[in-house]
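Taking it in order: structure first as structure tokens, then the write-up.
Each ligand, and each atom within it, is numbered from 1 in the order the structure gives. Both backbone and side-chain heavy atoms feed into the values below; hydrogens, waters and symmetry mates do not. Source: prediction; values computed, not measured. Start at 1 with the first residue, then count along the sequence.
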Amino acid sequence: MRNQWILVTGGSRGIGRATVLRLAKQWNVIFTWCKDSDAAHDVERECESLPGMVEGYQCDGSDEQAVTRLAADLLARYGSPFGVVHNAGITLDALHIHQSPANWRQVMDTNLNAIFYWNHLLLEPMMMQGGGSVVLMSSVTGVKGNSGQSAYGASKAAMIGLARTLSIELGRFGVRVNCLLPGYIDTDIMHTIPKEKRADLRKTIPMKRFGKVTEVAAAAAWLLSDESTYMTGQTLILDGGLSA
Ligand code: NDP
């Protein structure tokens, strides 16, 4: 059990939830959520029997002031985190010419700007403590276009550029920054797609199945662990061969 904490944004559902459950075997975990308090409380309950302390906080990552308040509070109470998993994300799909400016901004604020708000407070203490690991939950859509996902894809591609630059700026402080790029993962989002369309999508994947949230969580845990200590500025693609 490590006596430090890790922040997982959007840890109440899907990939984030699986990541919290996985990390709590070894770390104290703070996670955030936005709207669904029931899901967040379920995660806290599920983690009660695990070694790590797990606490969920409502915090809309697109709200700079809310992030600043919570980050300052967490730093005051628990000191610097060892790691951050920037996982919270939304899609709001629409063809580019039909996308409303409000939706475009909401995707950028949630998926990208939130990372800046959190980093602004958390990275310096991590640099001062002399080590740590940051994982950005990007997407294969950041490197391979997907119709209807221009805002989402742009935000996810920007995360890759951000991770590369941060790895250069933070490397000498021992803080590593990497991106995970999941392909189609079996979460709530996938179940909003009609069954026939899901079957068609599955056929396009060389491994002929969607990924599991636990497979993404395992990769995130690896990037935070002592097993990946020379890896920084990289993108790790988990897509069953979709982008091969
Ligand atoms: P889910 O929709 O299942 O869960 C999203 C999580 O993010 C929830 O905990 C949600 O909380 C939280 N969240 C949403 N908006 C905000 C916000 N403004 N502030 C704080 N938290 C917020 O997502 P997935 O598990 O499917 O995806 C997780 C990440 O993985 C995303 O970044 C996504 O882009 C990426 N990804 C997912 C893939 C997939 O196939 N599922 C593929 C590639 C990448 P609440 O419910 O309370 O709103």
- Which atoms form the tightest heavy-atom contact between G61 and A114, and what is the distance? O-CB, 3.0 Å
- Message: Just so I know, are the side chains of F31 and L7 near enough to count as touching, which here means a heavy-atom distance under 4.5 Å?
- Response: no
- Query: Would L123 and Y117 show up in the same hydrophobic cluster when neighbours are defined by side-chain heavy atoms closer than 4.5 Å?
  - Reply: yes
- Counting only heavy atoms, which portion of Y152 has something under 4.0 Å from ligand 1: side chain, backbone, both, or neither? side chain
- Please report which non-hydrogen protein atom sits nearest to atom 16 (C) of ligand 1, along with the residue it belongs to and the distance in Å to one decimal place. C34 CB, 3.6 Å
- Side chain, backbone, both or neither: which part of A114 comes within less than 4.0 Å of ligand 1 when only heavy atoms are counted? neither
- Message: Give the atom numbers and elements of ligand 1 that come within less than 4.0 Å of a heavy atom of I15.
- Response: 25 (O), 30 (O), 37 (C)
- Can you sort out which atoms of ligand 1 are near M137, meaning under 4.0 Å from one of its heavy atoms? 29 (C), 30 (O), 32 (O), 35 (C)
- Query: So is there a nitrogen or oxygen of W33 less than 3.5 Å from a nitrogen or oxygen in ligand 1?
  - Reply: no
- Numbered atoms and elements of ligand 1 in range of P182, under 4.0 angstrom, heavy atoms: 42 (C), 43 (C), 44 (C)
- Message: Below 4.0 Å, non-hydrogen atoms only: which portion of S37 touches ligand 1? Side chain, backbone, both or neither.
- Response: neither
- Note on the structure: A student checking ligand 1 against K35 at a 4.0 Å heavy-atom cut-off should list atoms 45 (P), 47 (O), 48 (O)
- Message: Does ligand 1 come near enough to I90 that some N or O of the ligand is less than 3.5 Å from an N or O of the residue?
- Response: no
- Taking the six-membered ring for Trp and the full ring for Phe, Tyr or His, determine whether the centres of W5 and F82 are under 6.0 Å apart. no
- Query: Are any of the side-chain nitrogens in R69 or D73 under 4.0 Å away from the carboxylate oxygens of its partner?
  - Reply: no
- Note on the structure: The closest protein heavy-atom partner of atom 32 (O) of ligand 1 is N87 O, 2.7 Å
- Query: Can an N or O of V140 be found at a distance shorter than 3.5 Å from an N or O of ligand 1?
  - Reply: no
- Query: Which pair of heavy atoms, one from S228 and one from L223, lies closest together, and at what distance?
  - Reply: OG-O, 3.3 Å
- Are side-chain N/O atoms of N178 and Q234 paired as donor and acceptor at under 3.5 Å? no
- CA sep, side-chain torsions, deciding dist, call: K212, D186, salt bridge (Lys or Arg N to Asp or Glu O under 4.0 Å): CA-CA 6 Å; K212 300 175 191 156; D186 197 2; over 6 Å; no
- Message: Considering A18, A39, S12 one by one, which has a heavy atom nearer to atom 9 (O) of ligand 1 than any of the others?
- Response: S12
- Task: Note the single closest protein heavy atom to atom 42 (C) of ligand 1, along with its residue, its atom name and the distance in Å.
- Result: G183 O, 2.8 Å
- Query: Who's the nearest protein heavy-atom neighbour of atom 23 (O) of ligand 1, and how far?
  - Reply: I189 CD1, 4.3 Å
- Task: Evaluate salt bridge (Lys or Arg N to Asp or Glu O under 4.0 Å) for R164 paired with E169, printing each intermediate quantity in order.
- Result: CA-CA 9 Å; R164 286 186 197 278; E169 293 182 358; over 6 Å; no
- Item | Distance from atom 6 (C) of ligand 1 to nearest protein heavy atom, with residue and atom | G10 O, 3.6 Å
- Task: State the atoms of ligand 1, each with its element, that fall below the 4.0 Å cut-off from a heavy-atom position in G14.
- Result: 3 (O), 25 (O)
- Message: Taking 4.0 Å as the limit for heavy-atom contacts, which would you say applies to T110 with ligand 1: side chain only, backbone only, both, or neither?
- Response: side chain
- Q58 side chain reached by K35 side chain, heavy atoms, under 4.5 Å: no
- Message: I'd like to know if D200 and K197 make a salt bridge, using a cut-off of under 4.0 Å between side-chain N and carboxylate O.
- Response: no
- Item | Hydrophobic cluster identity match, V135 and I115, side-chain contacts under 4.5 Å | no
- Query: Nearest to atom 20 (C) of ligand 1 by heavy atom, C59, G16, S139, A40: which?
  - Reply: C59
- What is the nearest protein non-hydrogen atom to atom 1 (P) of ligand 1, stated with its residue, atom name and distance? R13 NH1, 3.8 Å
- Query: If you count the atoms of ligand 1 from 1 in the order shown, which ones are under 4.0 Å from a heavy atom of D36?
  - Reply: 45 (P), 46 (O), 47 (O)
- Message: If you take the nearest heavy atom of each of A88, S62, G61, which one is closest to atom 13 (N) of ligand 1?
- Response: A88
- among protein heavy atoms, the one nearest atom 40 (O) of ligand 1 is I185 N, 2.9 Å
- Query: Any luck finding a side-chain donor-acceptor pair between T187 and R13 under 3.5 Å?
  - Reply: no
- Just need the protein heavy atom nearest to atom 18 (N) of ligand 1, so name the residue and atom and give the distance. D60 OD1, 2.9 Å
- Element-labelled atoms of ligand 1 that are located less than 4.0 Å from some non-hydrogen atom of T187: 25 (O), 26 (O), 41 (N)
- Item | Proximity flag Q58 to ligand 1, non-hydrogen atoms under 4.0 Å | no
- Message: Under 3.5 Å, is there a donor on one side chain and an acceptor on the other for D109 and S62?
- Response: no
- Query: At their closest point, which heavy atom of M126 faces which heavy atom of V175, and how far apart are they?
  - Reply: O-CG2, 3.7 Å
- Query: Are W118 and T9 side-chain neighbours, meaning at least one heavy-atom pair lies under 4.5 Å?
  - Reply: yes
- Message: Below 3.5 Å, N or O to N or O, backbone or side chain included: is there any such pair between Y184 and ligand 1?
- Response: no
- Message: I need the contact type for R17 against ligand 1. Using non-hydrogen atoms and a strict under-4.0 Å cut-off, is it side chain, backbone, both or neither?
- Response: neither
